[in-house]
Amino acid sequence: MLTRLFVQCPQCQTTHFISFFKSADYVCSRCGHHSRLDPPRWIKQLCNRGTFRSLFANLKSLDPLGFPQYREKLDVAERTASGWEAVVTGTAEIGDMPVALAVMDPGFIMASMGSVVGEKIARLLEYAADRGLPVVMVICSGGARMQEGILSLMQMAKTAAAVRRLHGKRQPLITVLTDPTTGGVTASFAMLGDVSIAETGALIGFAGPRVIQQTIGQKLPPGFQTAEFLLEKGMLDIVVPRKNLRATLVTILKIHRTRPYPVRRRGDE
Amino acid sequence: MKPAIDVVRLARHPKRPTSRDFIEYLVRDFVELHGDRRFADDPAIIGGIGFFDSIPVTILGHQKGRNVKENIRRHFGMAHPEGYRKALRLMKQAERFGRPVITLIDTPGAYPGIGAEERGQAEAIATNLYEMSGLRVPIVALVTGEGGSGGALGIGVADRVYMLANAIYSVISPEGCASILWKDAGKAPAAAEALRLRAVDLKELGVIDGIVAEPGEGAHEHPGETMSHVRKAIAAALQELLVLDAETLVQRRYDKFRRLGAFTLDDGFSELI
């Protein structure tokens, strides 16, 4: 089998040597476009080598509604993606600090949230709450998984409620929003981070640009729904290029590691 | 059983009672409260306080127009972030004063527009899910017409969730689903079946607690009778919920949504809902 030597930037079509592209963290040296990463690459990018331990990897989707073409879609995704449904969950160390980690996989039905994604996110948040771990989530998603109908929608309530569990134990949720983060995922756990980070240039929004354009019948302003746009509108804390992400996470985790003043629990007044 | 697309049409029927009609019937001494104290008063969400039977309640819901002109003003019941934030303000106020909350769901979805995105539509809905899951007073939700995706759920995290018999509740509209699936919005009838969005479907999937009957052709033909069924359902729910302490209430609400979903474990053991 031939090994691929070149890749093309999906934004500016510049051809890069794969080895150079890899050493540039899959960011185009010409236009700065951040390519989508799969969970194994993200884990390599952010975590201390060999520290990732997978959790809840045995959860698999069903086709509860008998929805047209869903079983086939799942079969393809299970074969071709990194193989763990649209989110990988586990524990790891980032800069020697233990964290609970979730990384979503754009290669698995566009990281849409069905029952398994919702369940794994909720289990991870509960696990972190029980063990007193901060949570880091690398998020991307096309939204709720239409093929699971109303059960997908209910994952929004489930995951948002689980973030509350984490907060009940005074642990932070640090979210990293990557391209694209939209729909039901944005409107649930993705927007509930204590610190919300986004990657340079990522598309982030609730409604998709096409739906908005159809509804209002006018062109969208340039840069609409980019990470930079959300930062300007006050919806994010930090926008960072990929090369600075790990260092940013390490600093934020360090600041959360100790508490100089005892926290009072909600409701003890 | 009615074809799903017929139920979709009934759920969207222009004569179907709106939240305001339900509030007029169900609540005595209703005082409408306005505004999110952040940006604006969203006409797509109506809310306020009053008496349900003799119980002081906060009641709020999506508000569609009763005619074209009013529909345009109210964005066809599609709320902006300020609508969700108004709803949250009223719910937190209810919590402060120990009032149960009743929510009425009837929206095609959250408004998709430039201003809505700029002001954080996703954040507003996410915050409502988060806050409602911990609200320390009883919440009863009723889907009266269209339960359109995140825009519906944004006021739908409740201890009891009911649907009118001809209401729908779905992650996506049948038209939207058909155009994604078959590149043809005309195949909405097939999409409506596939999505299982009728009250009977949701009951079977374990997502709702009960179905409130609509006599005859539907709520628009017999509004009074429909509303008396609604009154009974809400009264029964409140009677059960008002005796629970806040910890139990919040824990049960958590468990209720926590168990929703269908998946298997690779070791052969399978769980459905």
Side-chain angles (χ1 to χ4, degrees), chain A residues 57-62 64-69 114-116 118-119 122 144-146 148-165 182-184 186-192 204-208 211-212 214-216 220-221 224-225 229-230 233-235 266-267, chain B residues 78 109-114 116-134 136 147 149-150 152-154 156-157 169-172 176-177 180-182 190-191 194-197 201-202 205 207 253-254 257-267 270 272-273:
Chain A
N58 59 344
L59 268 68
K60 281 177 92 174
S61 287
L62 289 169
L65 308 189
F67 199 88
Q69 304 153 29
S115 301
V116 171
E119 182 69 21
R145 191 173 295 169
M146 178 180 83
E148 290 186 26
I150 195 72
L151 294 176
S152 294
L153 190 72
M154 294 302 142
Q155 305 310 310
M156 293 170 63
K158 185 200 268 190
T159 54
V163 174
R164 226 186 149 77
R165 278 283 147 114
T182 60
T186 321
S188 57
F189 58 92
M191 274 291 155
L192 294 173
I204 303 161
F206 177 64
V211 176
I212 297 173
Q214 272 168 15
T215 309
I216 61 172
L220 299 174
F224 182 63
Q225 293 185 318
F229 172 90
L230 268 82
K233 298 296 170 192
M235 293 298 147
R266 209 179 295 245
Chain B
M78 294 187 283
Y111 190 82
I114 294 176
E117 295 288 320
E118 284 179 337
R119 298 193 290 280
Q121 188 71 287
E123 189 276 341
I125 293 172
T127 299
N128 277 20
L129 305 181
Y130 179 91
E131 292 293 346
M132 288 182 86
S133 75
R136 295 167 67 82
S149 199
L153 188 63
V157 181
Y169 199 176
S170 179
V171 68
I172 188 170
C177 173
I180 292 171
L181 206 56
W182 297 298
L195 285 166
R196 306 203 53 199
L197 42 63
D201 298 318
L202 270 89
L205 290 164
V207 175
R253 193 183 305 143
Y254 186 82
F257 287 89
R258 183 66 188 80
R259 71 187 168 76
L260 292 177
F263 54 87
T264 72
L265 298 173
D266 216 5
D267 41 1
S270 84
L272 178 64
I273 297 160

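Order of the sequence lines sets the chain letters (A, B, ...), proteins ahead of strands, with each chain counted from 1. Heavy atoms only: backbone and side chains are in, while hydrogens, waters and symmetry mates are out.
For a residue to count as touching a neighbouring chain, one of its non-hydrogen atoms must lie under 4.5 Å from one of that chain's; by this rule B/I172 touches chain A with the side chain only. Heavy-atom distances place both the backbone and the side chain of B/S149 under 4.5 Å from chain A. In this structure, chain B has a heavy atom under 4.5 Å from the side chain of A/M235, while its backbone stays farther away. With a threshold of 4.5 angstrom between heavy atoms, B/Y169 approaches chain A through its backbone and through its side chain. Within the 4.5 angstrom heavy-atom criterion, atoms from both the backbone and the side chain of A/A162 approach chain B. With a 4.5 angstrom heavy-atom cutoff, B/R119 touches chain A only via backbone atoms. Proximity to chain A (any heavy atom under 4.5 Å) is restricted, for B/L202, to the side chain, taken from C-beta onward. Of the two parts of B/L197, neither the backbone nor the side chain holds a non-hydrogen atom closer than 4.5 Å to a non-hydrogen atom of chain A. For A/T186, the parts lying near chain B are the backbone and the side chain together; criterion is any non-hydrogen pair under 4.5 Å. Contact annotation for A/L65: both backbone and side-chain heavy atoms come within less than 4.5 Å of a heavy atom of chain B.
A donor-acceptor pair under 3.5 Å is absent between the side-chain atoms of A/S115 and the main chain of B/G261, judged by distance alone. Under a 3.5 Å cut-off, the side chain of A/Q155 and the backbone N or O of B/L260 do form a donor-acceptor pair.
Taking the side chain as every heavy atom from C-beta outward, B/W182 and A/Q69 approach each other to under 4.5 Å. In this structure, A/R165 and B/Y254 have side chains that are in contact, with non-hydrogen atoms separated by less than 4.5 Å. Annotation: side chain of A/K158 is not in contact with side chain of B/R259 (no heavy-atom distance under 4.5 Å). Taking the side chain as every heavy atom from C-beta outward, A/F189 and B/L129 never approach each other to under 4.5 Å.
Of the charged side-chain nitrogens involved, at least one lies within less than 4.0 Å of a carboxylate oxygen, so that B/R258 and A/E119 count as a salt-bridged pair.
Interface remark: of the candidates A/A144, A/P68, A/S61, A/S152, A/P68 forms the most heavy-atom pairs closer than 4.5 Å to chain B.
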| task | Under the side-chain contact (heavy atoms from CB on, under 4.5 Å) rule, what do B/Y111 and A/I216 come out as? Steps first, then yes or no, please. | result | CA-CA 10 Å; B/Y111 190 82; A/I216 61 172; 3.9 Å; yes
